[in-house]
Amino acid sequence: MLGLTAFVSVRAIRQTAEASETAPGVPNAVRAFLDAYADTLIPDTDTPGAKSVGAPAFVELMMSHTPDPKDLAKFQTKLDLIRAEFDKRAGASFAQLDAARRAQVLEAFDRDVLTGKAGHEYALEYGQLRSVTLYAYYTSEVGATQELRYQLVPGRYDADIPFDPHARAYSNFT
Amino acid sequence: MSTEGSFDAIVIGSGITGGWAAKELTEKGLKVLMIERGRKVEHRTDYTTETLGPWQLPFRGLGDPQVNARDYPARVTGGFANEWNQHFFAKDSENPFQTAPGHPFTWVRGYQLGGKSLIWGRLSFRWSDYDFDANRRDGHGVDWPIRYRDLAPWYDHVEEFVGISGSQERLPQLPDGKFQPPMPLNHVEKAFKTKLEAQYPGRKLIIGRVANMTVDKPEQGRARCQYRNICSRGCSYGAYFSTLSSTLPAAQKTGNLTVLTDRRVVAIDYDPVTKRATGVRVVNAQGKGGETYKAKLIFVCAAALNSVQLLLQSRSESFPSGLGNTSGALGRGVMDHVMGIIIAAVPGYTDRTYYGNRPNGFYIPRFRNITEPKEGLLRGYAFQGSAGRPNWNRGSSMPVTGAALKNELRHQGGWVLALTPFNECLPRDDNQVVLDENHLDPMGLPQLKIDVSWGKNELALLQDSMAEGARMVESFGGQIVFKTEQPFNQPGGAIHEMGGARMGHDPKTSILNKYNQMHDVPNVFVTDGAAMSSSACQNPSLTYMALTARACDSAVSMLKQHRI
């Protein structure tokens with residue numbers, strides 16, 4: 001049943017999805033933004049981050065497999081608005097900024113948009129971009145097995161045990 | 001056309017009930033032909049995605065959105081399938097059906113050896129006389145021709161073989177059974193149980209009774225559950241019950257079983273002189289062939305709506321509107337369960353957690369109109385639910401970024417409680433399936449036209465159950481973060497579709513008698529969900545199994561006494 005929280009967001013991803021690695025005409029600027037965005041949302045730390053594990057390619061794959069071209073066109077339009085807002089807040093091309101400055105821009109953007117203070121016109125699509133990027137990271141081999149733990153065969157269910165705040169979560173536990 | 005062979009019995013379908021019919025009949029010495037319309041699936045060998053991580057799948061488990069939209073709209077609507085198990089779901093694009101305007105229907109099908117037993121939800125609850133007596137009591141539908149005492153020994157029989165874990169609770173509305181030791185409730189579920197039962201003396205919270213074993217069954221080559229919760233990929237441990245893990249090997253062991261896959265039964269033949277069915281006609285996946293197989297007994301176990309469709313298709317001079325349909329009841333009284341969803345954040349308890357993925361949740365058995373009557377509402381509902389601590393997937397809406405987000409998602413989040421009411425659906429004759437001669441399927445056969453909608457009582461029950469669910473969660477301190485305001489599922493979406501060839505005392509108003517035997521054609525038995533005269537609110541598969549085993553016993557006795 002807990003999968004339902006994931007399911008709600010996964011369904012949103014399924015219904016929209018997003019622009020392509022193979023389709024001609026994916027502008028370089030879009031790709032540069034997706035790379036910079038992934039790298040800022042989940043940066044390299046003691047484990048590789050989202051850009052390093054190829055999350056942007058998965059975002060592009062999902063875009064390119066959007067069932068309805070009208071939905072894709074709408075998503076691309078909104079993505080352009082999102083990029084423009086990032087650039088505006090950056091005072092330059094977001095993708096060109098250094099990591100520290102990108103982090104500041106994203107933090108402020110998320111604080112405004114995820115809490116509904118700004119960006120109503122693209123909040124839905126931004127939520128999808130963010131969900132798919134996170135999904136791509138934590139379902140990558142690095143994200144699932146190095147950043148978190150992965151145990152395909154738990155072998156038992158310990159129903160009531162102490163929580164260890166230092167232990168890493170299991171990426172495949174629900 | 002040619003006659004390919006003659007058997008004591010033909011079992012149409014290889015899912016939960018087809019597997020049981022094959023096992024019971026072969027173990028009683030009958031030579032049985034089992035016919036499955038889909039492909040052959042081998043236990044273990046064909047569980048091709050069982051051990052794959054998401055990174056090993058092109059769409060990381062989501063499936064190709066374009067393929068989902070084209071082939072699996074019902075699947076997407078239902079939300080039960082994913083990239084790991086989609087090969088066990090029939091494609092809507094290849095298996096079209098019609099619906100009535102304004103009455104959408106989700107028809108989830110599993111066309112392969114094992115049928116939907118590979119992908120079922122596995123919750124296994126007995127029905128009680130609150131259920132078998134319900135139609136008689138309030139006058140909806142036709143009276144069930146059986147009561148709990150008729151089925152109780154057959155529940156025992158199937159439970160012992162299936163391997164169902166669960167707790168003994170002495171609840172009159174949810175009779176105990178032959179259970180393996182129960183799976184445990186986790187910390188927050190236990191706390192919720194304590195609070196709930198103190199607040200409402202007429203309510204109970206119990207662990208789900210589930211066909212996932214807690215004890216090995218070496219005699220069946222099956223091991224206990226490993227707490228992976230990836231059952232629908234297929235389980236090489238055989239820890240959950242399916243045709244492939246359990247009944248099929250048992251039937252094969254007798255040496256009496258012949259299995260035919262990739263063959264669809266298009267009609268049951270009838271001889272007006274002997275007043276018996278003589279056999280079945282089959283075609284291959286391209287609609288070609290037309291071989292006939294003969295048998296003394298026919299067991300129709302094709303899945304509820306497929307079984308009804310086959311009977312409707314089996315027309316003759318004697319039965320111009322479908323085999324055994326002198327009553328006109330064939331196709332009528334189709335039901336499902338209507339569901340809602342409540343998700344709540346539960347503050348506190350963060351010093352406790354759990355290890356493993358339990359393929360089961362808790363269950364709040366029906367209290368409405370059992371311990372707690374309510375004016376103006378008929379029948380009732382039960383809740384399924386679970387508590388857990390979400391992982392990284394909670395991150396999408398969390399306004400934290402960068403290394404801080406990564407650090408946050410390294411640990412489980414706070415507790416979340418989910419509740420889903422399953423509401424009983426009244427049997428109504430206008431919830432009906434018919435053949436649509438204007439829309440043919442790729443084999444050239446009429447498609448099924450399904451006209452099923454929720455009625456007033458179902459929607460009133462849903463409203464009541466959602467209000468009660470919200471109250472229970474909030475009294476426990478839960479903060480509701482998501483709650484459906486409309487039915488969560490279209491009819492069919494609970495995948496508890498049933499009815500259409502109901503059991504009853506009276507041949508004028510029902511299709512089957514108390515042995516699941518056709519009133520009109522005594523050597524044909526229908527033992528899957530089609531037979532149901534009411535829907536109760538429990539998950540129905542266990543009752544289908546018990547009915548099947550009982551029908552097999554009756555059929556073989558009648559056969560031996562030359563009564564059919």
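Worth knowing before you read on, the calculation uses all heavy atoms, side chains too, and leaves out hydrogens, waters and symmetry mates. First the proteins, then the strands, lettered A, B, ... as listed; each starts at 1.
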| Any side-chain heavy-atom pair from Y135(A) and L62(B) closer than 4.5 angstrom? |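 Sidechains of L62(B) and Y135(A): in contact.
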
| message | What part of T51(B) gets within 4.5 angstrom of chain A, counting heavy atoms only: side chain, backbone, both, or neither? | response |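 Both parts, backbone and side chain.
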
| field | NZ or CZ of R60(B) within 45° of F58(A) ring axis and under 6.0 Å | value |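 Verdict for F58(A): a cation-pi partner in R60(B).
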
| said: Do L148(A) and L409(B) make a side-chain contact, defined as non-hydrogen atoms from C-beta onward lying under 4.5 Å apart? | reply: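 No, side chains not in contact.
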
| request: Considering only heavy atoms and a distance below 4.5 Å, find which of G395(B), G361(B), A404(B) pairs most often with chain A. | output: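 Of the options given, most contacts go to G395(B).
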
| field | Options R352(B), R224(B), R228(B), ranked by heavy-atom pairs under 4.5 Å with chain A, top entry | value |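 Top option by heavy-atom pairs under 4.5 Å: R352(B).
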
| Worked check of side-chain contact (heavy atoms from CB on, under 4.5 Å) between T401(B) and R130(A) | CA-CA 10 Å; T401(B) 58; R130(A) 201 174 192 274; 3.9 Å; yes

| task | State, yes or no, whether a side-chain contact exists between H65(A) and P65(B) at a heavy-atom distance under 4.5 Å. | result |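 SC-SC contact between H65(A) and P65(B) confirmed.
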
| request: With a 4.5 angstrom heavy-atom cut-off, could you sort out which part of Y237(B) is near chain A: side chain, backbone, both or neither? | output: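 Just the side chain, heavy atoms under 4.5 Å.
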
| query | Looking at M183(B), R70(B), K190(B), which makes the most heavy-atom pairs under 4.5 Å with chain A? | reply |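 Ranked by heavy-atom pairs under 4.5 Å with chain A, first place is K190(B).
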
| field | From T174(A) atom OG1 to R389(B) atom CZ, the distance as rounded to the nearest 0.5 Å | value |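 Result: 14.0 Å between the selected atoms.
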
| message | Is any side-chain heavy atom of T139(A) closer than 4.5 Å to one of W392(B)? | response |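 Yes, at least one pair of side-chain atoms sits under 4.5 Å.
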
| request: Quick one: closest heavy-atom pair of M398(B) and L114(A), and the distance? | output: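 Here M398(B) and L114(A) meet closest at O-CD1, 3.7 Å.
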
| query | Most heavy-atom pairs under 4.5 angstrom with chain B, which of A103(A), A136(A), G49(A)? | reply |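 Heavy-atom pairs under 4.5 Å are most numerous for A136(A).
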
| field | Pair Y138(A)-N393(B), side-chain contact (heavy atoms from CB on, under 4.5 Å): steps then yes or no | value | CA-CA 8 Å; Y138(A) 287 103; N393(B) 50 29; over 6 Å; no

| query | Which heavy atom in T47(A) sits nearest to a heavy atom in K406(B), and how many Å separate them? | reply |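 Residues T47(A) and K406(B), closest heavy atoms: O-NZ, 2.9 Å.
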
| task | Check whether any side-chain heavy atom of F173(A) sits under 4.5 Å from a side-chain heavy atom of N391(B), and report yes or no. | result |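 With C-beta onward as the side chain, the pair touches.
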
| field | Pairs of heavy atoms under 4.5 Å with chain A: top-ranked of V188(B), L57(B), T214(B), T350(B) | value |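 Ranked by heavy-atom pairs under 4.5 Å with chain A, first place is T350(B).
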
| Derivation of the side-chain contact (heavy atoms from CB on, under 4.5 Å) call for L405(B) and L134(A) | CA-CA 10 Å; L405(B) 177 63; L134(A) 280 173; 4.0 Å; yes

| field | Exceeds 12 heavy-atom contacts within 6.0 angstrom, atom NZ of K74(A) | value |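 Result for NZ/K74(A): open.
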
| request: Name the orientation class of the two ring planes belonging to W55(B) and Y150(A) (parallel below 30°, tilted from 30 to 60°, perpendicular beyond 60°). | output: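 Because their plane-to-plane angle is over 60°, the rings of W55(B) and Y150(A) count as perpendicular.
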
| Heavy-atom closest contact (P154(A) atom, N357(B) atom, distance) |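 Residues P154(A) and N357(B), closest heavy atoms: CG-N, 4.2 Å.
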
| request: Enter the distance from R156(A):CZ to R358(B):CZ here, rounded to the nearest 0.5 Å. | output: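 Answer rounded to 0.5 Å: 15.5 Å.
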
| Less than 6.0 Å separating the ring centroids of Y170(A) and Y355(B)? |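 Yes; Y355(B) has its ring centre under 6.0 Å from that of Y170(A).
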
| said: Is there a side-chain contact between T353(B) and I161(A) in this structure, where contact means two heavy atoms from C-beta onward sitting under 4.5 Å apart? | reply: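 Yes - at least one pair of side-chain heavy atoms lies under 4.5 Å apart.
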
